Amino acid sequence: MSGIFGIVDSRHRSNIHALTNKMSAAMSHRHWFVAESFVDEAAGVSLGRIGIGIFNKAQQPIWNPTHTIALVMAGEFYKRDTFSGNNPSLSDEEFALALYEKQGDGFAKQLNGAFLIGIYNKTENRVLIVNDRFGLYPLYYACLDGKLLFAPEVKGLLCDNEFTRRLDITALAQYVRFQHLLGTRTFFEDIHLLPAGSVLQFDIATSSCVIDTYWSYTDIPYRPEMRFNEAVEETGYLFRQAVARLSSGPYRPGVYLSGGLDARSILGMIERRPIVSVNYGARNCRDVYYANRIAKAVGSDHHWFDFPNGKWVEQIADFHLELTEGFHSWIHAHGMSTLPRARELMDVNLTGWDGGSVMAYAESPVFFHYSTVDDNALTVDLFTKFNQQCTWPSITESEEGMLYCEPTWKRMKGRAFESFRIEFSKYLHYRQDMRGQYFFLDNHCSRLTQNFIIFTRSHVEVRFPFFDYDLIDFVFSLPAQMLAYRKFYRAIIQREMPRLAYIPYDKDEVVPTTNALIRGVQAESVRFKRRVNRHIAKIFPERHPLYADYDEYLRTDLREWAERILYDKKTEERGIFDSSFLRSLMNRHLSGLEIWTIGKIAPLITYEMMLRRYFD
């Protein structure tokens, strides 16, 4: 994926030229990847960038006129017109360099977009790394024994043969319980994710590394006096403005469309024509059916990709692992098989990624409900929901005790909850009604679902209308209760794109209109048809709620593949998972007597795959 990478090794323990080239090659996944780097061998510094040939086409690094400051960048800026002295003819890279020279380290506060920037200041003998407010371009770093390594993928850091690969046992505990990691953890003790809205400074002379935060949710004002209708009007305006900004320009925009609310909202706002929409899934599923209706309503050039069986999962499993490095289980790989064709159709995907988390407060009031009781109640409630409701239900506490071999279990017991409690404690100073929301965004969206963005960026670039700075600043300034139950979200759709308010939402097949009468009548009609089909005869058409039935895949097309990994002698000899319990889990799933057991099994398969690729 697109990003920046580099090395600072002032003690000259590494062959910096060879290591830089090795990192570049490890992260160049397709023939269209472009990687460039600069090496100052005397200083022990290398700086590079990698991309997919769409954004940042000019040669990098760029230098200031005195050739004392070098800059590399991945991504783009969305707004530059508010800054004094801005020259429209400057590229984003040139603009960032000029702003840095003018304002110093504080330049990060003036940037608006999705980006990663690396700066080598020869005069001050230091390296600076800056990301955007939401960390939309992930960066991993390791600072050990006076050496700094950084890259958009963990494998870039693992290219260094001097790096000792020590597994983070707490990361394993989290992965098994939540199916993703929390905070800045990776599977390796000494590799961390750069926090969003941060500036990393590495002083070459002293080999010291400091990370400062230049933006946080505390910078968002609070508007408890805002009326509902006023908030809907302003949000609609800001969202339309964001979509217009990100769908304009020389790049071909496209939208991965589903039957949900997020992508339809973006597609409904785009005025540019022609506009491409892409959808995938089993033929008789709600996503495909409603996405097709939405595409017809807005007149997009629509493309559908069938999932007739689960064989595609095994075919792309290795590439999915290569891109997401185990942070993303294979049961979330949907869409990867469509990317080669998507690259032919679009340059940039305007993603609906986690729009519901922004507009509808994770579509649930649970995240603020317990904050009016006390912090302990909210912590326990969120832990349960992260474990059982935010994705497929995960391993329970009783299952966790049987999952591990005895020596491993002695080290694992209680780690998942304690690490969760520690991470959530960092959010207790935020607004009481938004603590859970902010934690959800940073620890579920950014650590699980953002992996969809990561693998998409192997083929097309991605833009984020829902993470527009102005939009976030306004929506998150509102009382949380205003955003709950999707009422607020439905009101925006009804106001800004009314024709899409009368196409049902795939989750419950009820129209997302604010007209209570129409919504009520249609909801009752849905319930009536389902009762007739269930108790009398299947008279009315029924559409499968899942676009990809991973549960059934694992019982059929993927069974042999999964069992080869779970039951392999290598898996057993690690002494991590109890082999008899692995067989028990798989047998429970194959029996079909329980639902959602796949959320317990798939992460174990993925973790073993990760170990074989990146640890062994």
Side-chain angles (χ1 to χ4, degrees), residues 171-182 187 281-282 307 309-337 385-396 399-400 402-404 412 416 444 447-452 454-455 545-568 570-572 574 576-579 581-615:
L172 170 58
Q174 292 177 352
Y175 193 66
V176 167
R177 294 304 300 270
F178 314 126
Q179 301 176 48
H180 61 84
L181 305 187
L182 304 179
F187 292 120
F307 285 174
N309 53 53
K311 294 179 181 179
W312 63 271
V313 178
E314 185 176 357
Q315 292 167 359
I316 58 91
D318 287 341
F319 189 45
H320 179 258
L321 179 69
E322 182 180 338
L323 294 173
T324 61
E325 302 178 313
F327 298 127
H328 205 220
S329 173
W330 54 268
I331 52 176
H332 300 291
H334 30 274
M336 275 201 69
S337 59
K385 288 177 170 61
F386 263 62
N387 176 240
Q388 293 294 309
Q389 295 181 19
C390 288
T391 181
W392 281 276
S394 301
I395 292 287
T396 64
E399 291 169 329
E400 184 183 35
M402 294 188 287
L403 171 65
Y404 297 106
M412 302 297 290
H444 178 79
R447 297 313 314 266
L448 174 67
T449 60
Q450 193 173 1
N451 284 283
F452 291 117
I454 288 171
F455 68 62
L546 300 175
Y547 44 80
D549 193 348
Y550 289 99
D551 285 88
E552 187 59 25
Y553 293 168
L554 188 56
R555 296 186 185 101
T556 54
D557 298 316
L558 301 180
R559 177 179 176 177
E560 182 181 349
W561 169 75
E563 290 181 341
R564 278 202 311 268
I565 298 171
L566 285 175
Y567 303 159
D568 188 71
K570 195 169 190 177
T571 305
E572 182 178 0
R574 290 192 194 280
I576 298 176
F577 304 128
D578 182 275
S579 58
F581 188 71
L582 293 182
R583 291 182 179 275
S584 174
L585 267 182
M586 191 65 178
N587 289 335
R588 284 163 58 186
H589 182 79
L590 294 174
S591 73
L593 298 175
E594 299 178 59
I595 60 173
W596 309 129
T597 45
I598 195 168
K600 306 173 189 292
I601 300 172
L604 308 181
I605 297 172
T606 304
Y607 188 76
E608 174 60 26
M609 292 171 66
M610 183 280 298
L611 291 176
R612 295 182 186 189
R613 176 73 69 88
Y614 298 112
F615 181 68

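Keep in mind it's a predicted model, so treat the numbers as computed, not measured.
- To the nearest 0.5 angstrom, Leu558 atom CG is 9.0 Å from Trp312 atom CH2.
- Taking the side chain as every heavy atom from C-beta outward, Thr324 and Thr606 never approach each other to under 4.5 Å.
- A distance of 7.5 Å separates CZ of Arg574 from CZ of Phe615, quoted to the nearest 0.5 Å.
- Contact annotation: the side chain of Ile454 never approaches that of Phe327 to less than 4.5 Å [non-hydrogen atoms, C-beta and beyond].
- The closest donor-acceptor contact from the side chain of Tyr550 to the backbone of Ala602 lies at 3.5 Å or more, if one exists at all.
- Counting heavy atoms from C-beta on, the side chains of Ser329 and Tyr175 come closer than 4.5 Å.
- Between atom CG of residue Leu566 and atom CH2 of residue Trp561 there is a gap of 9.0 Å, rounded to the nearest 0.5 Å.
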Query - Candidate pair Asp568 and Arg612, rule side-chain contact (heavy atoms from CB on, under 4.5 Å), full reasoning - result: CA-CA 12 Å; Asp568 188 71; Arg612 295 182 186 189; 3.2 Å; yes

Report task. Go through the steps for Trp392 and Asp551 under the test side-chain contact (heavy atoms from CB on, under 4.5 Å), then give the verdict. Result -> CA-CA 11 Å; Trp392 281 276; Asp551 285 88; 3.9 Å; yes

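- Cation-pi geometry between Arg583 and Tyr567 is met: under 6.0 angstrom from the ring centre, within 45 degrees of the axis.
- When all heavy atoms are compared, the tightest approach of Phe581 to Leu403 is CD2-CA, 3.5 Å.
- Between His332 and Phe452 the shortest heavy-atom distance is O-CE2, 2.8 Å.
- Of all the heavy atoms in Ile565 and Thr571, the pair that sits closest is O-OG1, 2.6 Å.
- Here the CG atom belonging to Leu585 is positioned 7.5 Å from the NZ atom belonging to Lys600, to the nearest 0.5 angstrom.
- Residues His328 and Leu448 meet the side-chain proximity criterion, which asks for heavy atoms closer than 4.5 Å.
- When each of Arg177, Glu400, Gln179 is tested with Ser394 by the rule side chain to side chain donor-acceptor pair (under 3.5 Å), just one qualifies, namely Gln179.
- In this structure, the side chains of Thr391 and Ile331 stay at 4.5 Å or more apart for every pair of heavy atoms.
- The side-chain heavy atoms of Leu172 and Tyr404, taken from C-beta on, include a pair separated by under 4.5 Å.
- Closest of all the heavy-atom pairs between His334 and Phe455 is O-CZ, 3.6 Å.
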Query raised in the report: Under the side-chain contact (heavy atoms from CB on, under 4.5 Å) criterion, do Glu325 and Arg613 qualify, and how do the steps go?
Result: CA-CA 9 Å; Glu325 302 178 313; Arg613 176 73 69 88; over 6 Å; no

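- Considering only heavy atoms from C-beta on, Leu181 comes within 4.5 Å of Phe187 through its side chain.
- Classification of Arg564 and Glu314 as a salt-bridged pair holds, one side-chain N sitting under 4.0 Å from a carboxylate O.
- No donor-acceptor pair under 3.5 Å is formed between the side chain of Asp578 and the backbone N or O of Met402.
- Contact detail for Arg555 and His589: the closest heavy-atom pair is NE-O, 2.8 Å.
- Of all the heavy atoms in Gln388 and Thr396, the pair that sits closest is NE2-CG2, 3.8 Å.
- To the nearest 0.5 angstrom, Lys570 atom NZ is 14.0 Å from Glu572 atom CD.
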Report task. Applying side-chain contact (heavy atoms from CB on, under 4.5 Å), run through Ser337 and Phe307 and close with a yes or a no. Result -> CA-CA 10 Å; Ser337 59; Phe307 285 174; 3.7 Å; yes

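- Rounded to the nearest 0.5 Å, atoms CD1 (Ile395) and CD1 (Ile601) are 8.5 Å apart.
- Side-chain contact between His180 and Thr449: absent, with no pair of heavy atoms (C-beta onward) separated by less than 4.5 Å.
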